[in-house]
Amino acid sequence: YGGLASFPPLNAALRVEASTMNTLHCWAVIPAAGAGKRMGSAIPKQYLPLLGRPILAHTLAILLFHPRIDGLVVAVDAEDEWWSTVATALNATKPLLRVVGGAERCHSVLNGLKALQERIAPSDWVLVHDAARPCLATADLDRLLAELADDPVGGLLASPVRDTLKRTDSAERVVTTVDRSRLWHALTPQMFRLGMLYDALSAALERGLLVTDEAAAMEAAGFAPRLVAGRADNIKITCPEDLALAEFFLSRHTVSTAT
């Protein structure tokens, strides 16, 4: 993890000219307070190196250099000793705020939303993106912003389920094969208006629902989020083998944007 302050420069392909994009008021919230225990690493997984830079630095760069994103709020652990170095090295030219994360992802997101209540209107958009999803393609982010710009609810990136799915009993015996024709993998970013998401997430937590994504909170509040088709290589790094896969995908993104 040494040498963080001098990690390689950002991919120039991320620097989209603002003049080519439509104005849209939106911020991003990144919950990054988790320990990532399944990685079995000495440091939180979001700070593990990926192509010479921390995973979190890749994730933030995608959003920081997109002209439609006005600023970012990152929720980190109260005892986090790595965040300040990452933030400084990113050399952000737009607001990059730090808030203390919570016990679960949903608590961290809610803390980020609270911080935004002092800065933006309830009708403004918030994109919540996983800290460990560094392979988000700019084209997918563009599509999400464009397709949801006038949506009354909001929605999320998702990819259709391709594998055959099995439902089992408690003994791990197959009970049935699940129809996958209407099943999707939920991805991030997930994009909702600040006021609606804050109310939905607060209500879910008050009911004891530890929702694992923002769409679930909106669903519990009676809304039907819209799915926007995204690339399947927008993976969440969870296990050690995911690092090699993410490295491959990021390298491929760099090559495709350079040609």
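Excluded from the calculations below are hydrogen atoms, water molecules and symmetry mates; all remaining heavy atoms, backbone and side chain alike, are included.
Partner Lys236 forms a side-chain contact (heavy atoms from CB on, under 4.5 Å) with one of Asp242, Thr188, Asp130 and no other, that one being Asp130. Considering Asp163, Ile235, Asn234, Val161 in turn, Val161 is the only one that fulfils the side-chain contact (heavy atoms from CB on, under 4.5 Å) rule with His185.
The shortest side-chain heavy-atom distance between Pro95 and Trp27 falls under the 4.5 Å cut-off. Counting only heavy atoms from C-beta outward, the side chains of Arg68 and Leu141 never approach each other to under 4.5 Å. For the pair His107 and Leu210, the minimum side-chain heavy-atom distance is below 4.5 Å. Side chains of Leu201 and Val211 form a contact here, defined as non-hydrogen atoms less than 4.5 Å apart. Taking the side chain as every heavy atom from C-beta outward, Leu113 and Leu194 approach each other to under 4.5 Å. The side-chain heavy atoms of Glu214 and Leu156, taken from C-beta on, include no pair separated by under 4.5 Å. Side-chain contact check for Tyr47 versus Asp80: some heavy-atom pair is nearer than 4.5 Å. Leu145 is listed as a side-chain neighbour of Met191, based on a closest heavy-atom distance under 4.5 Å.
The shortest non-hydrogen separation linking Pro134 to His58 is CB-CB, 3.7 Å. Of all heavy-atom pairs spanning Ala33 and Gly101, the tightest one is CB-CA, 3.9 Å. The minimum heavy-atom distance linking Val153 with Trp125 is given by the pair O-CZ3, 4.3 Å. Nearest heavy atoms, Leu90 versus Ala57: CD2-O, 3.9 Å. Closest heavy-atom contact between Pro225 and Met218: CG-CB, 4.1 Å. Ala186 and Asp213 get closest at one heavy-atom pair: CB-OD2, 3.9 Å.
Note that OG1 of Thr59 and CZ of Arg133 are 10.0 Å apart. Values are rounded to the nearest 0.5 Å. Put simply, CZ on Phe192 and CG on Asp151 are 9.0 Å apart, with the number rounded to the nearest 0.5 Å. In this structure, CG in Leu48 is found 11.0 Å from CG in Leu56, a value given to the nearest 0.5 Å. The distance from the CD1 atom of Ile55 to the CD1 atom of Ile237 is 3.5 Å, given to the nearest 0.5 Å. Rounding to the nearest 0.5 Å gives a distance of 5.5 Å between CD1 of Ile30 and CG of Leu60. For the atom pair CZ of Phe223 and CG of Leu197, the computed distance is 10.5 Å after rounding to the nearest 0.5 Å.
Look at Arg119 and Asp70 and you find no salt bridge, because none of the NZ, NE, NH1 or NH2 atoms lies under 4.0 Å from a carboxylate O.
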Quiz item: Are Ile120 and His25 close enough, and set up right, to give a side-chain contact (heavy atoms from CB on, under 4.5 Å), and what steps lead you there?
Solution: CA-CA 9 Å; Ile120 63 176; His25 300 290; over 6 Å; no

Practice problem: Step by step, work out the side-chain contact (heavy atoms from CB on, under 4.5 Å) result for Asp124 and Leu116. | Solution: CA-CA 10 Å; Asp124 284 333; Leu116 285 179; over 6 Å; no

Quiz item: Between Asp169 and Arg167, does a side-chain contact (heavy atoms from CB on, under 4.5 Å) hold up when you go through it step by step?
Solution: CA-CA 7 Å; Asp169 59 19; Arg167 180 177 288 115; over 6 Å; no

Practice problem: Please test Leu136 against Leu187 for side-chain contact (heavy atoms from CB on, under 4.5 Å), starting from the C-alpha separation and ending with a verdict. | Solution: CA-CA 10 Å; Leu136 172 64; Leu187 309 174; over 6 Å; no

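Distance alone, capped at 3.5 Å, places no donor-acceptor pair between the Arg193 side chain and the Pro122 backbone. The backbone N or O of Gly102 lies less than 3.5 Å from a partner atom in the side chain of Ser108, making a donor-acceptor pair. Remark: side-chain polar atoms of Gln46 are paired, donor with acceptor, to backbone N or O of Gly34 under 3.5 angstrom. No donor-acceptor distance shorter than 3.5 angstrom exists from the side chain of Lys45 to the backbone of Ala132, with no hydrogens or angles considered. The main-chain N or O of Glu147 is found under 3.5 Å from a side-chain atom of Arg226 such that the two form a donor-acceptor pair. Panel note: side chain Arg143, backbone Ala229; a donor-acceptor pair is recorded below 3.5 Å. For Asp140 (side chain) and Gly230 (main-chain N/O), no donor-acceptor pair under 3.5 Å exists by modelled atom type. Remark: side-chain polar atoms of Lys94 are paired, donor with acceptor, to backbone N or O of Leu64 under 3.5 angstrom.
Put simply, Val29 and Leu97 are part of the same group of oily side chains (I, L, V, M, F, W, Y) that touch within less than 4.5 Å, one to the next. In terms of hydrophobic clustering, with Ile, Leu, Val, Met, Phe, Trp and Tyr side chains grouped at heavy-atom distances under 4.5 Å, Phe65 and Val74 are assigned to a common cluster. Val73 and Val128 fall within a single hydrophobic cluster, where Ile, Leu, Val, Met, Phe, Trp and Tyr are joined by side-chain heavy atoms under 4.5 Å apart, directly or via other members. Under the 4.5 Å side-chain heavy-atom criterion for grouping Ile, Leu, Val, Met, Phe, Trp and Tyr, Val86 is not connected to Val100 through any hydrophobic cluster. Cluster membership check: Leu50 shares its hydrophobic cluster with Leu63, using side-chain heavy-atom separations under 4.5 Å among Ile, Leu, Val, Met, Phe, Trp and Tyr.
At most 12 heavy atoms of other shown residues, nucleotides or ligands fall within 6.0 angstrom of atom CD in Glu79.
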